[in-house]
Amino acid sequence: MADLENEVEVPPFFLCPISLEIMKDPVTLSTGITYDRDSIENWLFSRKNNVCPVTKQVIADIDLIPNHTLRRLIQSWCTLNASSGVERYPTPRPPISKTEITKLLKDLNSPNHQMKGLTRLKSIVLESEKNKRLMESVGAADYLSNIITNINSGITSSSRDEALYILYHIQLSPTGLKTLGKTGGLFDALTCVMQRASSYEARAYAVMLLKSMFVVAEPMQVTSLSVKFFKELVNILTDQISEKATKATLKLLISVCPWGRNRIKAVEAGIVSVLIDALLDCSEKRVTELISMVLVQVCQAADGRAELLKHGGGLAVVSGMVFGVSPVASERAVRILYSVAMFSGSGRVLQEMIELGVVEKLVLVLQVDCGRKMKEKAREILKVHSRVWKKSHCVNYDILI
């Protein structure tokens with residue numbers, strides 16, 4: 001069509017201001033400017049812009065009004081110029097509307113229509129970014145969370161799983177996630193899904209949704225988590241449901257473990273030994289980096305350090321991360337060793353650090369090109385324990401000066 005447009009004079013108002021091509025499905029924004037549907041939907045929903053490309057006005061209403069008059073003009077013009085090779089665009093299929101989505105959501109309250117409605121909503125949410133924003137704007141999260149939380153109301157597990165799947169895929173905005181987090185009983189319901197769901201997929205979506213919610217959660221919600229919650233996260237990691245579920249679980253732990261009481265609960269749930277075992281078998285760099293960050297946090301608690309030292313491979317696997325995976329993992333491994341050496345550095349532990357080559361690694365940190373903070377922590381560990389390690393042939397204390 002581009003070559004034909006060079007031969008046939010195309011009326012300028014037939015062209016989309018974004019793509020500069022003839023519009024197949026012209027729609028008008030609340031600002032009064034008309035664009036081709038695909039181009040403006042990509043601008044608004046995929047690229048996350050909230051202003052009109054032409055007027056630069058903020059778009060408060062995302063409704064796209066079909067410009068039927070212009071579409072018919074374009075189709076007529078195409079027909080008139082068919083002899084020049086201009087192809088007539090077919091009339092586009094009407095997109096899903098807020099009214100249709102609202103009706104489907106209300107049908108969810110009827111047991112006879114619930115599963116059918118969920119199936120249709122599932123196809124809608126997967127169709128486009130625009131549909132996700134429409135579903136959020138009409139309050140779909142309220143209807144779906146209601147299905148998830150009403151555990152004892154006769155709602156089938158299949159319906160709850162479908163509702164959870166849709167709710168996750170809406171990809172709520174931060175405001176939407178914050179509102180969702182205030183839904184009574186949702187955290188407990190999602191914990192139950194992690195615990196009781198028969199399908200690995202439902203458990204995975206539960207933890208991935210929780211990960212998104214805790215990014216914007218209120219401090220009170222974060223600090224009131226139970227040991228049971230952490231035990232279910234540990235089970236997700238142990239069962240190795242999927243890489244996405246594993247990463248979401250680790251990110252969730254990272255977001256909630258800056259709070260001291262959560263570190264203690266995570267340790268009580270058995271997180272340390274599970275993470276060390278995971279590191280022994282892990283070959284994926286990003287997963288290793290996430291695990292190392294969780295260990296940095298839980299090793300700030302005395303119980304966390306004790307669990308690390310109790311594990312037969314604890315110190316060895318942490319030492320192996322230094323220059324063994326990535327600069328990020330190396331820096332975090334030194335932070336873990338710092339916590340252990342400075343706050344749990346008994347004679348037995350210090351001797352084990354020599355035997356496992358940990359001290360040699362710390363000396364190496366001072367000799368190679370790496371981060372300043374990483375060097376400072378390594379130097380401080382070596383200085384503090386110089387009396388114990390000075391007889392070791394692997395430590396040249398001249399480099400500490």
Legend entry - Sequence neighbours excluded - ring pair (Phe, Tyr, Trp, His ring centres under 6.0 Å) pairs with any residue from residues 313-348: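 Qualifying pairs: none.
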Output yes when [X] and [Y] qualify as a salt bridge under the 4.0 Å nitrogen-oxygen rule, no when they do not.
X	Y	result
Glu376	Lys373	no
Glu129	Lys48	yes
Arg203	Asp239	yes
Lys310	Glu307	yes
Glu136	Arg133	yes
Glu289	Arg286	yes

Legend entry - Evaluation steps, salt bridge (Lys or Arg N to Asp or Glu O under 4.0 Å), between Lys228 and Glu232: CA-CA 6 Å; Lys228 175 187 173 184; Glu232 296 312 323; over 6 Å; no
Legend entry - side chain to side chain contact (heavy atoms under 4.5 Å, CB included) between Ile124 and Ile166, intermediate numbers included: CA-CA 9 Å; Ile124 291 171; Ile166 298 165; over 6 Å; no
Inset, instruction - Determine whether more than 12 heavy atoms belonging to other residues, nucleotides or ligands lie under 6.0 Å from atom NZ of Lys231. - result: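 Count not over threshold, so no.
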Legend entry - Residues, nucleotides or ligands: over 12 heavy atoms within 6.0 Å of Lys106 NZ: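 For Lys106, atom NZ is not crowded (no more than 12 foreign heavy atoms under 6.0 Å).
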Inset, instruction - Please report the closest heavy-atom contact between Ile170 and Lys132, naming both atoms and the distance. - result: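 Heavy atoms only, the tightest pair is O-CB, 3.5 Å.
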Inset, instruction - Would you mind telling me which of Arg37, Arg93, Arg71 makes a side-chain hydrogen bond (donor to acceptor under 3.5 Å, both in side chains) with Asp25? - result: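 Testing each of Arg37, Arg93, Arg71 against Asp25, the sole residue satisfying side-chain hydrogen bond (donor to acceptor under 3.5 Å, both in side chains) is Arg37.
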Inset, instruction - Kindly determine whether Glu162 and Lys122 satisfy side chain to side chain contact (heavy atoms under 4.5 Å, CB included), including the steps that lead there. - result: CA-CA 8 Å; Glu162 287 290 271; Lys122 183 176 180 178; 3.4 Å; yes
Inset, instruction - Kindly write out the residues that satisfy ring pair (Phe, Tyr, Trp, His ring centres under 6.0 Å) with Phe214, not counting sequence neighbours, or none if the list is empty. - result: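 Ring pair (Phe, Tyr, Trp, His ring centres under 6.0 Å) check on Phe214 returns Phe187, Phe229.
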Legend entry - Backbone of Ala341 reached by a side-chain donor or acceptor of His385 within 3.5 Å: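 Yes, because the side chain of His385 sits within donor-acceptor range (under 3.5 Å) of the backbone of Ala341.
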Inset, instruction - Could you check if a side-chain atom of Gln367 sits within less than 4.5 angstrom of a side-chain atom of Val363, using non-hydrogen atoms only? - result: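 The answer is yes; the side chains approach within 4.5 Å.
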Legend entry - Check: Met213 and Leu186 side chains under 4.5 Å, non-hydrogen atoms: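 In short, these two side chains touch, coming nearer than 4.5 Å.
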